[in-house]
*Asks:* 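Sharing a structure with you now.
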Number of protein chains: 2
Amino acid sequence: MTLSEENYLKAIFNLEEQTPKGVPTNAIAELMETKASSATDMVKRLAEKELLQYKPYQGTRLTKKGKNHAVKVIRKHRLWETFLVENLNFSWDEVHVVAEQLEHIQSEKLIHQLDKFLGYPKTDPHGDPIPDEDGNMETIEKKVLAELQQNDEGICVGVDDSSSAFLKYLDKLNISLGNKIKVIEKEAFDNSMVIQVDENTLSISSLASKNIYIRKTS
Amino acid sequence: MTLSEENYLKAIFNLEEQTPKGVPTNAIAELMETKASSATDMVKRLAEKELLQYKPYQGTRLTKKGKNHAVKVIRKHRLWETFLVENLNFSWDEVHVVAEQLEHIQSEKLIHQLDKFLGYPKTDPHGDPIPDEDGNMETIEKKVLAELQQNDEGICVGVDDSSSAFLKYLDKLNISLGNKIKVIEKEAFDNSMVIQVDENTLSISSLASKNIYIRKTS
DNA sequence: ACAAATTTTTAGTTTTGTCTAAAAATTATA
DNA sequence: TATAATTTTTAGACAAAACTAAAAATTTGT
Ligand SMILES: [Mn+2]
Ligand SMILES: [Mn+2]
Ligand SMILES: [Mn+2]
Ligand SMILES: [Mn+2]
């Protein structure tokens, strides 16, 4: 399994959650920041290896084998992110790029021992669940902040967009995992929101509110 | 700088210590476990990038730039080996293969923080010196065990062969870094030796004794 | 239903890194 | 110093992974 194949598998796995019928080639190409023709080539290679089912023009679906492998890569990614934040003084907006490399290191023992070293963490620095050795992961009960109504409140438990730009923006607003967030006002015109984060009151755009996950408490 | 280029650079760097005139293509190919034609191709590419000097049939020598890069890869390799042994319960014969992968991860911050996390170690689990951020490393004063005379004694400070097979053999003999070793007898016929390791007396072959480094104390 | 727009695939190149087989250069030997 | 042995390079192929341009299939709009 090459590095590139693993990255495609992971991308397709993530796309399948929103598109369970069959992932379109263009969606893969877009997420991988490559051209559709390249995605077609790769999808054929992965089909050859029975990691996914592929019928021309019909999109693709991962096989059990493909899903298993994708989850293993995701497990490694999230364990490494956790290590970087917990032990090497990285901030949550810096870890993704490095974990993109580390997730491809091949060693069963390494990842088993890393998990143990970290104390078998359940979630990564972005609130995403870490699969265990058998590929099982907790489903984190969460809602997108944008869907909450006035006076709803909850705890920030994750982000949809793990890009450095967005995470740095959240840092600037002093929003991080575990914060109590309450919707003070929803603006119908542009879907922006006024929210209270712990003690602080501030306004955020519709786009930002769609990328924040909340576990409701009321 | 690709993974393969880095591996070649490291190989050439190691060969240069024994062959300061110019490293033969065949020596590179042998160490890289590849064919001479592949080595020629790679050497040309590295010359193109000014990482080494190459004249057909004359062998190669790393440039300053090439040496700098090789030392950086070696620094990463040895820091990762140290991490695996110190924190992830790896034994010294298991770390090399994994470090071969980890040494190619690109992140200045990662390696700087890892060094700090480990407490700025000076040597790796095999006794090899770890270069600092500027590429400087301690020269460890050492002699090959095979060169010692009867009644000479010293401390085991390293191994020349870091293969799993050899290190496991040393484990079986209860020889590890820091052990006091004394030459009881040298057998002229086959150059084998009877040595005393701390309390234990045992016999080792010529080949084994050529792969153990000692810092003499008498 | 048919033309237009969009999506997807195919065909042909490119780069990296490998290989085999053959040619050329160097070194060893008689 | 010729000849033989060895080392090294060249030539030609191949696989992985990307690209551009063009063709084919599907979907959309009227
Ligand atoms: Mn990756
Ligand atoms: Mn994450
Ligand atoms: Mn390596
Ligand atoms: Mn080592």
Side-chain angles (χ1 to χ4, degrees), chain A residues 1-13 15-16 18-62 66 69-70 73 100-101 103-106, chain B residues 1-13 15-16 18-62 66 69-70 73 100-101 103-106:
Chain A
M1 183 76 43
T2 70
L3 185 145
S4 197
E5 287 173 337
E6 287 191 335
N7 286 336
Y8 272 94
L9 273 189
K10 216 177 41 151
I12 295 166
F13 181 88
L15 289 166
E16 264 190 345
Q18 299 138 1
T19 323
K21 319 100 206 277
V23 180
T25 306
N26 262 5
I28 300 169
E30 196 184 2
L31 191 57
M32 291 298 297
E33 297 180 73
T34 185
K35 296 300 155 71
S37 53
S38 306
T40 302
D41 286 350
M42 181 55 88
V43 152
K44 282 180 181 171
R45 268 201 298 279
L46 294 173
E48 199 69 39
K49 298 188 176 183
E50 298 185 300
L51 293 157
L52 51 79
Q53 298 165 251
Y54 163 69
K55 288 216 176 117
Y57 298 100
Q58 304 301 125
T60 58
R61 296 216 43 192
L62 293 182
H69 199 100
V73 178
E100 272 305 310
Q101 300 177 64
E103 71 190 358
H104 304 291
I105 303 291
Q106 312 279 354
Chain B
M1 183 76 43
T2 70
L3 185 146
S4 197
E5 287 173 338
E6 288 192 335
N7 286 336
Y8 272 93
L9 272 189
K10 216 177 42 152
I12 296 166
F13 181 88
L15 290 167
E16 263 189 345
Q18 299 139 0
T19 324
K21 320 100 206 276
V23 180
T25 306
N26 262 5
I28 300 169
E30 195 184 4
L31 191 56
M32 292 296 298
E33 297 180 74
T34 184
K35 297 299 155 73
S37 53
S38 305
T40 302
D41 285 350
M42 181 55 87
V43 152
K44 282 179 181 171
R45 268 201 298 277
L46 294 173
E48 199 69 40
K49 298 188 176 184
E50 298 185 301
L51 293 157
L52 50 79
Q53 296 165 252
Y54 163 69
K55 286 214 176 119
Y57 299 99
Q58 305 302 126
T60 58
R61 295 215 43 192
L62 294 182
H69 198 100
V73 177
E100 272 305 311
Q101 301 177 64
E103 71 190 357
H104 304 291
I105 303 291
Q106 311 279 354

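Chain letters run A, B, ... following the sequence lines, proteins first, then strands; residues in each count from 1.
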*Asks:* Assess whether atom CD of B:E6 is packed by more than 12 heavy atoms of other residues, nucleotides or ligands within 6.0 Å.
*Replies:*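 Enclosed.
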*Asks:* Among all residues two or more places apart in sequence or in another chain, which pass the side-chain hydrogen bond (donor to acceptor under 3.5 Å, both in side chains) test with B:K35?
*Replies:*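 So B:K35 forms no side-chain hydrogen bond (donor to acceptor under 3.5 Å, both in side chains) with any residue.
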*Asks:* Do you know which two heavy atoms are closest between B:A36 and B:N26, and how far apart they sit?
*Replies:* CB-OD1, 3.5 Å
*Asks:* Roughly how many Å is it from CG in B:N7 to C1' in C:dT18, rounded to a whole number?
*Replies:* 14 Å
*Asks:* Within the 4.0 Å limit for protein heavy atoms, which parts of nucleotides 1-17 of chain D are touched? Write it as a string from 5' to 3', B for base, S for sugar-phosphate only, - for none.
*Replies:* ------SBBB------S
*Asks:* Measure across B:A70 and B:F13 and return the closest heavy-atom pair with its distance rounded to 0.1 Å.
*Replies:* CB-CB, 3.7 Å
*Asks:* Could you tell me whether the phosphate oxygens of D:dA18, OP1 or OP2, come under 4.0 Å of any side-chain nitrogen or oxygen in A:K35?
*Replies:*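 It does not, given that no N or O in the side chain of A:K35 lies less than 4.0 Å from OP1 or OP2 of D:dA18.
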*Asks:* Using atom CE of A:M32 as one end and atom P of D:dC19 as the other, report the distance to the nearest whole Å.
*Replies:*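 Answer to the nearest Å: 10 Å.
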*Asks:* Which donor-acceptor pairs under 3.5 Å do side chains of residues 41-60 of chain A form with protein atoms, sequence neighbours excluded?
*Replies:*
unit_1	atom_1	unit_2	atom_2	d
A:K49	NZ	A:E5	OE1	3.2
A:K49	NZ	A:E5	OE2	2.8

